[in-house]
S.K.: 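Can you keep this structure in mind? I'll have questions shortly.
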Amino acid sequence: MSNQTRIETRNLNLRFGSAVVLKNLNMSIKSNFVTAIMGPSGCGKSTLIRTFNRLNDLIPECHIEGEVILNGMNIFDKKVDVVELRKRVGMVFQKPNPFPKSIYDNVAYGPKMHGMAHGKKLDTIVEKSLKDAALWAEVKDRLRDSALSLSGGQQQRLCIARTLSVQPEVILLDEPCSALDPAATAKIESLMVQLKKNYTVIVVTHNMQQAARVSDYTAFLYLGELMEYGEAEQVFKNPSNKLTEDFITGRFG
Amino acid sequence: MVNEQVKEKYVKIFLYFTASFSILVLIAIMFFIAIKGMGMLTVEFLTTAPYRFEYGGIYPQIIGTLYLTGVCMVFAGPIGILAGIYLSEYAPVNIITKILRFFVESLAGVPSIVIGLFGLAFLVYYMHFQISLFSGGLALGFMILPWTVRASEEAIRAVPFSYREASLALGASKWQTIKEVVAKAAAPGIVTGLLLGLGKAIGETAVVLLTAGSGLESFLPRSIFEPVASLPVYLYMIATQGHTSEAYNRAYGAALVLLGIFLVINVFASLLRNYYIKKHRVRFG
Amino acid sequence: MDERFIMSEKRLLDSGLNDLADLLDDMCKLATDTVSASIQAYLEGGDVFIQVRQWSDTLFNLHTQVGDKAIELIARYQPVATDLRLIKASIEISYDLSRFGRYAYDISTILKKFNGTRMRVEYGRDVIAEMGERTMSMIKSSIKAYRTKNIQLAEKVGEDDKEIDEIYLNHLKYSAENPPQSMEQLIADILTVRHLERIADHAVDLSSSVIYMITGKPISGWR
């Protein structure tokens, strides 16, 4: 599986109305690695990963040119079923956003919507997802409690479990730790690294150190342009672009 | 020059008195009704039918009122919720939607007697539903529809966008998202809105007077196409045409019962709301 | 520079990096003086043993301080890119500087043991004088390369080292073929050229760290 390209953008341009957000982006993201996309606020990094599951479709006035190839298929193709795409490309958001339902129902929601399982089989999926999200031990005796009774960090891991429940190929994380304390952040970070065994993990972060800790490949986006993209070690030890250098050493922002 | 601190103090005192006054008026009304009506609250009064203005109880009136509000809610509840979903989730932002919303809002301001007259002309005569429970319930529904639409639209709008995003990102369709996540999260708000609409319907007189019955019926309707008695109309009739102390006492008794039902619904609505808010309070950290 | 982003006036890390640079500055001066004093004493005579030992100890202390400061900056600011390379290079450079001191001390130890305070060692004197001069010039060049971030100068130090190696090997061969009367003299002579050769190697290492610091090219050193 490794060294295989999972997602590739080709001349990707995106604008909201007249505001250009992404400029001619070409990058290929490898399977079974953690790829971090960093950049200052408003550089288009969230918008970029939201094109990967076509969540930008919700925004009127959003115009996209170019291609995003997922496993050899352009996701903007008319034949592509958005529902199916979003099942394959899961997403975890900035603020933990569990549904106001029980812990169990949060994780069971996706499989139920897709008619994937019910009864015992559904229980198995819920358990596996919670285990993979490193939350099972903490909630196994309170699956019927409201998800909102969990702490912020637990809620975010629940959201990860909810994403895993529909067995995606790619997991997008949009600044998943920005609302969490350092201990919860550390847990999510180690989880991200574990998840790359079975998934392609793409994380957007404005936290440069976080990108340095978790990512195998690191991209630096600035004003909608891909300034730097390469192996994390290279980017953090010896970036090739002056802007990347200035950003990661905290000289602007 | 007036010292700002002194000015502040006077303003505070003035505001305090206006607030006290409005609360006092409310308490005075409740006290007045309670004292005057208390004497009438006997089992007999609550369980027997009226006979002319001065005799009997208000049993058919109480049950009739409940019937009417029931029919009203069966009609205005689902339509209000679905219209609320449409307006908040599907309606495009354009001139037609704006006009639609304007009409809904205007409907809320139409005097109830006008709606009653429309009910009489359209439901009773044109549709041949007669002066009946059905016509009355439907006309009441017309009246509270704007409120239920507004309440559910606002409750649905108040559901955080992040819920929708999370559901859609899992590959759920828009309708699945609305049905399974948004509507459920909005339920407490919707229910509260409906209950407050119900409170309006229970006390409504003009609409019911023109479409449901004379208020003095001493029987319960055997079908929804028969006239039905109700507390507000009964109260109106005996208070305006009774002219005896016996009739007046009955009016106060009926008013007290009406007030009681009204209070129960309001208390229930706010308890329900608090329960949901407590249950679903979002915690971070 | 692009106007759309604002350059921060001064980062918290910067004052730490300044402290590091100050420590290295002190070390550069001291290392130059120490090596120079010991070579001078070997060639011209003079009792510098205690002085050189003290300077050498100070250099080692400063090296330790640079290491501590570097670790502190890493722990507190998680530096990356040029900052990180500067810190790594500072540790390496301070080690090389402390080695200058150490070899200078070794030379003055030999002087004390074998020559005492006797003046003028004649055997091999010209070779040691030449090597001493070239080595001092490499030290100065490598330090200058560090201070001015001059890659060409740093690369030149590597070239110079080849000449030193040649002189060193030729002299060893010469000494084996034409040994002096006194065995003590031979040992003193050979150890001293050996130490000078090592000092030159560390000047190359230092220059290599300078190149790494500027370009990120791996530190290759004298090997």
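Side chains included, hydrogens not; waters and symmetry mates left out as well; all remaining heavy atoms used. No experiment lies behind these values; they were computed from the predicted model shown.
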S.K.: Measuring from A:M113:CE to B:S173:OG, what's the distance to the nearest 0.5 Å?
M.R.: 8.0 Å

S.K.: Which pair of heavy atoms, one from B:Y163 and one from A:F99, lies closest together, and at what distance?
M.R.: O-CE2, 3.3 Å

S.K.: Specify the closest pair of heavy atoms between B:A169 and A:N53, including all atoms of both residues, with the distance to one decimal.
M.R.: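 Smallest heavy-atom distance, with atoms named: CB-ND2, 4.2 Å.
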
S.K.: Which bit of A:V89 is near chain B, if near means a heavy-atom gap under 4.5 Å: side chain, backbone, both or neither?
M.R.: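 Just the backbone, heavy atoms under 4.5 Å.
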
S.K.: Counting only non-hydrogen atoms closer than 4.5 Å, does A:P98 touch chain B with its backbone (N, CA, C, O), its side chain (CB onward), both, or neither?
M.R.: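 Contact with chain B is through the backbone of A:P98 alone.
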
S.K.: Applying salt bridge (Lys or Arg N to Asp or Glu O under 4.0 Å), can you list everything that pairs with A:K87, at least two apart in sequence or on another chain?
M.R.: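 In terms of salt bridge (Lys or Arg N to Asp or Glu O under 4.0 Å), with neighbours along the sequence ignored, A:K87 is linked to no residue.
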
S.K.: With a 4.5 angstrom heavy-atom cut-off, could you sort out which part of A:L180 is near chain B: side chain, backbone, both or neither?
M.R.: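 Looking at A:L180, nothing touches chain B.
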
S.K.: Does atom CZ of B:F268 have more than 12 heavy-atom neighbours from other groups under 6.0 Å away?
M.R.: no

S.K.: Could you give the distance from CG (A:N97) to CZ (B:R164), rounded to the nearest 0.5 Å?
M.R.: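 Result: 12.5 Å between the selected atoms.
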
S.K.: How many angstroms lie between atom CG of B:L170 and atom NE2 of A:H114, to the nearest 0.5 angstrom?
M.R.: 6.5 Å

S.K.: Between A:K95 and B:E165, is there a salt bridge with N-O shorter than 4.0 Å?
M.R.: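 No, B:E165 and A:K95 are not salt-bridged.
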
S.K.: Check B:L168 against A:R86 and note the closest heavy-atom contact, atom names and distance.
M.R.: O-CD, 3.0 Å

S.K.: Heavy-atom distance under 4.5 Å to chain B: side chain of A:L85, backbone, both or neither?
M.R.: neither

S.K.: Of the backbone (N, CA, C, O) and the side chain (C-beta and beyond), which part of A:R88 lies under 4.5 Å from a heavy atom of chain B, both, or neither?
M.R.: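 For A:R88, there is no contact with chain B at all, as no heavy atom is under 4.5 Å.
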
S.K.: Would you find more than 12 non-hydrogen atoms of other residues, nucleotides or ligands less than 6.0 Å from B:F103 atom CZ?
M.R.: no

S.K.: Is it the case that more than 12 heavy atoms not belonging to B:I96 sit under 6.0 Å from its CD1 atom?
M.R.: no

S.K.: Got a sec: does the NZ of A:K196 have more than 12 other heavy atoms crowding it under 6.0 Å?
M.R.: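 Counting other residues, nucleotides and ligands, NZ of A:K196 exceeds 12 neighbours.
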
S.K.: Do side-chain atoms of B:E180 reach the backbone of A:Y109 as a donor and acceptor pair under 3.5 angstrom?
M.R.: no

S.K.: Would one find more than 12 heavy atoms of other residues, nucleotides or ligands at under 6.0 Å from atom NE2 of A:H118?
M.R.: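 No.
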
S.K.: Report, by ascending residue number, the residues of residues 122-142 of chain A in heavy-atom contact with chain B at a distance under 4.5 Å; give 'none' if the set is empty.
M.R.: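 Heavy-atom contacts from residues 122-142 of chain A to chain B are absent.
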
S.K.: Please say whether more than 12 non-hydrogen atoms of neighbouring residues, nucleotides or ligands are located less than 6.0 Å from CZ in B:F142.
M.R.: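 Yes, CZ of B:F142 has more than 12 neighbouring heavy atoms, counting only those of other groups under 6.0 Å.
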
